[in-house]
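Index from 1, following the sequence.
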Amino acid sequence: MALLERMGVGAQAIGIGFLIFTISIYAIIGWLSRTAEVDAYYVAGREVPALYNGMATAADWMSGASFVAMAGGVYFGGYPYLGYIVGWTGGYVLVNSLLAPYLRKFGCYTVPDFIGTRYGGNTARLCAVIVLVVASFTYVTAQIDATGTIAAQTLGIPFELGVWLGLTGIFICSMLGGMRGVTWTQVAQYIVLIIAYLVPIIWMSNRQDFGIIPHFSYGEALQRITELEAEYGLHPPAEAIPGVSVLTTPANAPEGKGWAMVSLAICMMAGTASLPHILMRYFTTPSVRSARRSVGWSLTFIFLLYFSAPALATLTKLQLLDPNLATSIIGKPFEEVANLEWIKHWSSVGMLAVADQNGDGILQLNEFFMRPDIVVLATPEIAGLPYVISGLVAAGGLAAAMSTADGLLLAIANALSHDLYYKIIDPKGGYRAAAGRRARHPDLHRGGRCPRGVGEIDGHSGCSGMGVQLRLFRPVLPAGARRMVETCQHGRCNRRHDRRFLGRIPVSLPGLYRRDGTLVGVSTISASVSSACRSA
């Protein structure tokens with residue numbers, strides 16, 4: 001894209017290229033991850049490594065609001081806004097210590113499934129489904145709105161069409177592959193969004209001589225901003241403009257009582273630890289230990305963006321206020337500022353405004369109006385960076401909105417299908433469907449689920465996906481019995497486990513007997529099991 005910009009390709013074409021390229025990557029991953037297996041659809045087969053699950057969780061959590069509006073909140077809210085960042089990050093400490101390991105140990109599919117089983121009865125399960133759907137639907141509305149806004153501004157299309165394009169991409173990424181497709185799509189989306197967030201920070205910091213990693217060195221910039229705010233004055237505007245804000249809060253001056261910030265952080269921690277689309281990600285790890293490690297990785301990846309948001313807000317504000325920088329606009333002639341390309345672009349969509357309200361022909365600090373949620377998107381233009389960076393940031397914002405929308409819609413779909421329909425409305429539907437199918441072998445059940453009591457050995461009950469009726473055989477070695485029970489994956493055919501089982505038949509099952517005492521040959525069992533698995 002940078003080469004295309006050097007060759008003279010227009011800004012809109014570059015933005016379109018970025019969005020089409022990234023959405024195509026997500027769609028391809030979603031298509032390749034499509035599945036009809038129950039475990040893969042609900043919990044990605046419970047085999048997602050902790051590192052990648054942590055990356056996917058970070059993308060799931062960092063919504064369009066986190067990506068787009070967090071730096072804007074720090075820009076306008078100053079130090080007190082850090083209570084939100086501390087609370088959102090600290091919520092994962094609660095998840096790690098109180099929730100994730102125990103949810104994974106329970107081995108359920110959804111959060112309502114855990115609540116319904118833990119507290120018993122369908123009342124608790126139904127209440128959990130209602131809370132999940134209402135909260136997730138409210139949350140996903142904002143993500144779809146952000147998706148439509150970014151797509152509309154970048155592609156130059158109506159907002160409604162941008163929403164439909166975003167929904168189409170979300171459908172391809174999440175609905176075909178379920179949790180497996182969403183997991184690997186979100187890994188790609190995290191990579192895009194974190195690169196898009198860090199590149200402008202590093203670029204501005206290097207220009208302003210704060211080093212390549214400004215997170216520990218931009219204290220001088222904050223001191224300079226404090227001096228400039230005192231010089232310009234943080235006064236309210238003479239006349240407010242709807243939809244946009246003026247900077248009135250000092251960047252480095254705490255306001256209110258200390259307990260107000262502490263209580264805000266506690267509320268944010270509790271809210272973060274209760275989000276169902278986040279909690280269900282920890283059902284996908286191979287073990288309880290992996291779930292704990294996954295939370296640690298989640299916190300690491302989220303911290304990387306949250307630790308960068310104050311730096312981005314500080315460097316962007318310095319670009320606007322410091323008269324020693326070529327990008328500053330405060331204190332400049334009003335006509336000169338009003339004719340800047342980025343001012344005209346964002347003013348045309350109602351997200352920024354300048355107004356010479358005192359009539360002195362100079363732009364004052366309280367005459368510059370801006371929406372907080374465009375600080376990140378407008379930073380490349382404010383800092384005079386190449387437009388390819390603006391396209392990258394737009395792609396990152398779209399990735400953040402789509403990743404959260406993927407997780408929320410999947411949480412809603414899983415709760416409605418698994419908990420509301422299968423567990424409450426028609427809990428015996430799967431058993432009736434299985435009972436209507438005839439076995440192709442007298443000692444084998446085709447696919448589906450086994451009737452109650454079939455396959456009970458040593459106090460265990462189970463039916464492997466290949467459908468062996470364990471109770472028909474006697475006597476069976478304990479090792480073979482355990483292996484058969486382990487192949488039971490919620491009554492579905494698990495070919496990976498079945499193949500391993502077939503390879504161990506000569507060792508685990510040296511002799512299998514019917515009720516009448518006749519010996520069943522190992523080769524006959526192997527052929528019958530293979531046939532049943534293929535037909536299931």
Side-chain angles (χ1 to χ4, degrees), residues 1-5 9-30 55-56 58-72 143-157 159 161-170 172-174 182 184-204 301 304-305 308-309 312 342 345-346 349 351 373-383 385-407:
M1 293 298 174
L3 294 176
L4 292 177
E5 184 175 6
V9 176
Q12 186 176 8
I14 293 176
I16 293 173
F18 258 113
L19 293 190
I20 292 178
F21 176 74
T22 52
I23 292 178
S24 298
I25 293 296
Y26 309 149
I28 290 172
I29 294 175
M55 196 176 295
D60 207 355
W61 164 246
M62 289 187 295
S63 62
S66 296
F67 185 93
V68 174
M70 188 184 306
Q143 309 311 315
I144 295 174
D145 180 85
T147 301
T149 301
I150 295 172
Q153 291 182 2
T154 305
L155 302 178
I157 58 178
F159 170 79
L161 183 56
V163 168
W164 281 109
L165 289 177
L167 286 173
T168 302
I170 292 169
I172 296 175
C173 294
S174 61
V182 166
W184 300 114
T185 301
Q186 287 176 338
V187 169
Q189 287 166 338
Y190 177 81
I191 294 172
V192 172
L193 72 88
I194 198 64
I195 292 175
Y197 207 87
L198 293 178
V199 166
I201 300 174
I202 296 173
W203 201 309
M204 288 189 298
F301 291 126
L304 185 59
L305 187 142
S308 303
L312 177 62
W342 69 271
H345 167 68
W346 290 104
V349 294
M351 297 186 178
D373 53 1
I374 72 164
V375 170
V376 174
L377 297 175
T379 288
E381 296 173 82
I382 292 173
L385 304 182
Y387 186 80
V388 66
I389 306 300
S390 297
L392 178 62
V393 171
L398 187 64
M402 289 182 64
S403 63
T404 304
D406 288 343

Legend entry - side chain to side chain contact (heavy atoms under 4.5 Å, CB included) between Val376 and Met70, intermediate numbers included: CA-CA 9 Å; Val376 174; Met70 188 184 306; over 6 Å; no
Atom of [X], atom of [Y] and distance for their closest heavy-atom approach:
X      : Y      : answer
Asp60  : Gly407 : OD1-CA, 3.6 Å
Ala56  : Gln186 : O-OE1, 3.4 Å
Ala196 : Pro200 : O-CD, 3.1 Å
Ala394 : Leu377 : CA-CD2, 4.4 Å

Go through the structure and list residues passing side chain to side chain contact (heavy atoms under 4.5 Å, CB included) with [X], not counting sequence neighbours.
X      : answer
Ala400 : Phe67, Leu193
Ile195 : Ile191, Val199, Leu392
Thr404 : Ser63, Tyr139, Gln143, His277, Leu408
Ile25  : Phe21, Ile29

Inset, instruction - Mind checking the CG-CE spacing from Leu304 to Met62? Nearest 0.5 Å is all I need. - result: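 Between atom CG of Leu304 and atom CE of Met62 there are 8.0 Å.
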Legend entry - Distance (rounded to the nearest 0.5 Å) between Asp373 CG and Met351 CE: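 So the CG of Asp373 and the CE of Met351 are separated by 6.5 Å.
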Inset, instruction - Under the side chain to side chain donor-acceptor pair (under 3.5 Å) rule, collect the residues that match up with Thr379, sequence neighbours excluded. - result: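 For Thr379, the residues satisfying side chain to side chain donor-acceptor pair (under 3.5 Å) (neighbours in sequence not counted) are Thr316.
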Legend entry - Note, Tyr26 side chain near Asp406 side chain (heavy atom, < 4.5 Å):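 No, every pair of side-chain atoms sits at 4.5 Å or beyond.
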Inset, instruction - Would you mind reporting whether Val393 and Ser390 have side-chain heavy atoms less than 4.5 Å apart? - result: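 A side-chain contact is absent here, since even the closest heavy-atom pair is not under 4.5 Å.
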Legend entry - Enclosure of Trp342 CH2 (heavy-atom neighbours >12, cutoff 6.0 Å):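 Yes.
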Inset, instruction - Under the ring pair (Phe, Tyr, Trp, His ring centres under 6.0 Å) rule, collect the residues that match up with Trp203, sequence neighbours excluded. - result: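 Applying ring pair (Phe, Tyr, Trp, His ring centres under 6.0 Å) to Trp203 gives none.
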Legend entry - Tyr190 side chain to Phe301 backbone, donor-acceptor under 3.5 Å: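 Present.
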